Amino acid sequence: MNKENLNTYAKNTWCPGCGNFGIEASAKQVFNDLINEGKIKRENLVILAGIGCHAKIIDYMNVNSFYSLHGRVPSPAEGIKMANPELTVVGFAGDGDAYGEGISHLIFAAKRNNDITMIIHNNRIYALTTGQFTPTSPKGFPGKSTPQGSLEEPFNPLELLLTAGATFVARSYTGDPNHLKKTMKQAILHKGFSFINVLQPCKTFYDTFEFYGKRVYDLQEKKHQPSDREMALKRIREWNYTNGENQKIPIGVFYDIKKPTYEEELLKNRNPYKQPIPSLKKILEKHI
Ligand code: SF4
């Protein structure tokens with residue numbers, strides 16, 4: 001198979017220069033490589049998206065897919081994985097979508113360690129609705145809903161997800177496609193909840209390419225140990241989504257540990273799709 005097989009007939013309507021193109025191209029390449037390497041099966045791959053510019057990725061990818069409600073990508077992703085643990089489940093979501101509307105769903109998926117991957121297209125703006133501030137926009141951001149500047153400090157989604165219990169926490173950047181592909185591949189192969197915050201500039205409403213271009217550096221330069229939680233937190237806190245002049249922005253895998261997944265704990269190697277759940281009566285008889 002080659003990655004062109006993953007193309008669809010849908011006309012791409014992202015703005016020229018949008019960071020979403022980098023995520024789509026990287027995901028197609030990674031899916032294609034993993035399929036050819038025998039690590040995942042195309043028929044077992046399911047992708048999901050929420051609402052926002054990012055969500056059109058579903059239309060451009062010829063694999064099993066599901067559009068969720070706004071911010072709710074983790075919930076159907078968890079359900080799909082629990083119904084058939086043999087599936088590879090990858091959710092795409094925007095920052096307004098995942099960190100605004102759906103933050104509790106994301107936190108609980110991390111807490112449970114569901115074996116799903118969440119890839120967040122973080123342009124730090126609600127772009128489909130033409131430019132309102134999101135939870136990761138910098139303070140003072142002059143969006144459509146805050147013309148005189150947002151009064152709120154952004155939060156750091158990596159710190160939040162690490163604290164919630166995510167077993168794989170990473171950041172990547174659409175301006176570095178090789179880094180993005182490498183990180184996506186690691187995240188998909190990780191057993192447990194994996195999370196990538198992808199810095200994805202919105203060319204039309206919040207063009208951050210130059211800002212990131214001057215500040216992004218690879219964590220590998222610092223010999224980072226992703227099994228060390230304290231070190232992960234320290235590196236994650238190097239950048240708190242503010243727009244200070246002298247800041248450096250680390251990208252890479254901050255945290256990566258092994259822990260039993262929610263599906264393993266719940267199903268004990270049973271696949272509900274192949275072995276339907278015993279009747280409730282039998283379960284009650286066994287436990288009461
Ligand atoms: Fe991309 Fe921004 Fe255009 Fe949406 S509005 S397609 S995020 S450049």
Side-chain angles (χ1 to χ4, degrees), residues 1-81 83-84 86-98 102 116-123 126-130 172-189 194 196-205 273:
M1 194 175 105
N2 59 54
K3 72 182 169 73
E4 282 68 41
N5 294 124
L6 296 174
N7 292 341
T8 67
Y9 59 84
K11 183 175 183 290
N12 194 305
T13 57
W14 284 324
C15 310
C18 174
N20 279 315
F21 285 103
I23 298 180
E24 181 206 347
S26 297
K28 276 184 179 160
Q29 186 67 60
V30 168
F31 290 151
N32 184 67
D33 290 351
L34 290 173
I35 292 165
N36 286 339
E37 289 163 16
K39 292 182 175 150
I40 65 173
K41 291 181 179 168
R42 184 179 182 182
E43 63 272 25
N44 282 358
L45 175 62
V46 186
I47 64 169
L48 302 91
I51 304 290
C53 289
H54 81 274
K56 296 177 188 176
I57 199 166
I58 291 270
D59 300 337
Y60 310 145
M61 200 91 74
N62 189 13
V63 296
N64 303 305
S65 59
F66 185 89
Y67 266 118
S68 88
L69 297 176
H70 205 354
R72 271 61 176 177
V73 173
S75 304
E78 289 168 42
I80 290 166
K81 185 71 186 180
N84 185 354
E86 287 176 18
L87 301 179
T88 302
V89 182
V90 180
F92 296 90
D95 53 311
D97 192 53
I116 61 175
T117 298
M118 287 297 302
I119 296 171
I120 312 300
H121 303 220
N122 188 2
N123 54 19
Y126 283 95
L128 192 67
T129 48
T130 71
S172 192
Y173 171 43
T174 58
D176 188 343
N178 287 334
H179 186 276
L180 183 55
K181 281 183 268 187
K182 193 173 88 175
T183 312
M184 277 185 184
K185 200 167 185 177
Q186 273 181 269
I188 293 167
L189 293 176
S194 54
I196 314 175
N197 179 90
V198 184
L199 302 173
Q200 175 252 305
C202 166
K203 197 74 185 157
T204 302
F205 297 109
Y273 170 66

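Since the structure is predicted, the reported quantities are computational estimates derived from the model, not experimental observations. We number each residue from 1, following the sequence as shown. Heavy atoms only: backbone and side chains are in, while hydrogens, waters and symmetry mates are out.
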Engineer: Using a 4.5 Å cut-off on heavy atoms from C-beta on, say whether the side chain of Glu24 contacts that of Asn12.
Structural biologist: yes
Engineer: Which atom names give the shortest non-hydrogen contact between Gly50 and Val73, and what distance separates them?
Structural biologist: N-CG2, 3.3 Å
Engineer: Would you please test Met184 and Ile23 for side chain to side chain contact (heavy atoms under 4.5 Å, CB included) and show each step?
Structural biologist: CA-CA 10 Å; Met184 277 185 184; Ile23 298 180; 3.8 Å; yes
Engineer: Measure the CG-OG1 distance between Leu34 and Thr88 for me, rounded to the nearest 0.5 Å.
Structural biologist: 8.5 Å
Engineer: Side-chain contact test, heavy atoms from C-beta onward, threshold under 4.5 Å: evaluate it for Asn62 versus Arg42 and give yes or no.
Structural biologist: yes
Engineer: Measure the CD1-CG distance between Ile196 and Asn122 for me, rounded to the nearest 0.5 Å.
Structural biologist: 12.5 Å
Engineer: Less than 4.5 Å apart, side chain to side chain, heavy atoms only: is that true for Leu48 and Ile80?
Structural biologist: yes
Engineer: Rounded to the nearest 0.5 Å, how far does OG1 of Thr183 lie from CG of Asn197?
Structural biologist: 11.5 Å
Engineer: Which residues pass the ring pair (Phe, Tyr, Trp, His ring centres under 6.0 Å) test with His54, not counting sequence neighbours?
Structural biologist: His121
Engineer: Check each of Thr174, Asp95, Ile120 against Val198 using the side chain to side chain contact (heavy atoms under 4.5 Å, CB included) test, and report the only one that passes.
Structural biologist: Thr174
Engineer: Any idea which heavy atoms bring Ser26 and Pro177 closest together, and the distance?
Structural biologist: OG-O, 4.0 Å
Engineer: When rounded to the nearest 0.5 angstrom, what distance separates CD in Glu43 from CD in Glu86?
Structural biologist: 10.5 Å
Engineer: Please find the pair of heavy atoms, one from Ser194 and one from Ala187, that lie closest to each other, and give the distance.
Structural biologist: OG-O, 2.9 Å
Engineer: Which heavy atom of Ile188 sits nearest a heavy atom of Thr117, and at what distance?
Structural biologist: CA-OG1, 3.6 Å
Engineer: Between Tyr67 and Asp59, does any side-chain donor sit less than 3.5 Å from a side-chain acceptor?
Structural biologist: yes
Engineer: Mark yes or no for whether Asp97, through its side chain, and Gly71, through its backbone, hold a donor-acceptor pair below 3.5 Å.
Structural biologist: yes
Engineer: Counting C-beta onward and ignoring hydrogens, is there a side-chain heavy-atom pair between Phe92 and Ile58 closer than 4.5 Å?
Structural biologist: no
Engineer: With a 4.5 Å heavy-atom cut-off, do Phe31 and Met61 have their side chains touching?
Structural biologist: yes
Engineer: Kindly compute the distance separating NZ (Lys203) from SG (Cys15), expressed to the nearest 0.5 Å.
Structural biologist: 11.0 Å
Engineer: How far apart are the closest heavy atoms of Cys53 and Trp14, and which atoms are they?
Structural biologist: O-NE1, 2.8 Å
Engineer: Would you give the length of the straight line joining atom NZ of Lys11 to atom NZ of Lys56, rounded to the nearest 0.5 angstrom?
Structural biologist: 10.0 Å
Engineer: Which residue is it: Lys181, Gln200, His179, Lys182? I am looking for the one with a side chain to side chain donor-acceptor pair (under 3.5 Å) to Ser172.
Structural biologist: His179
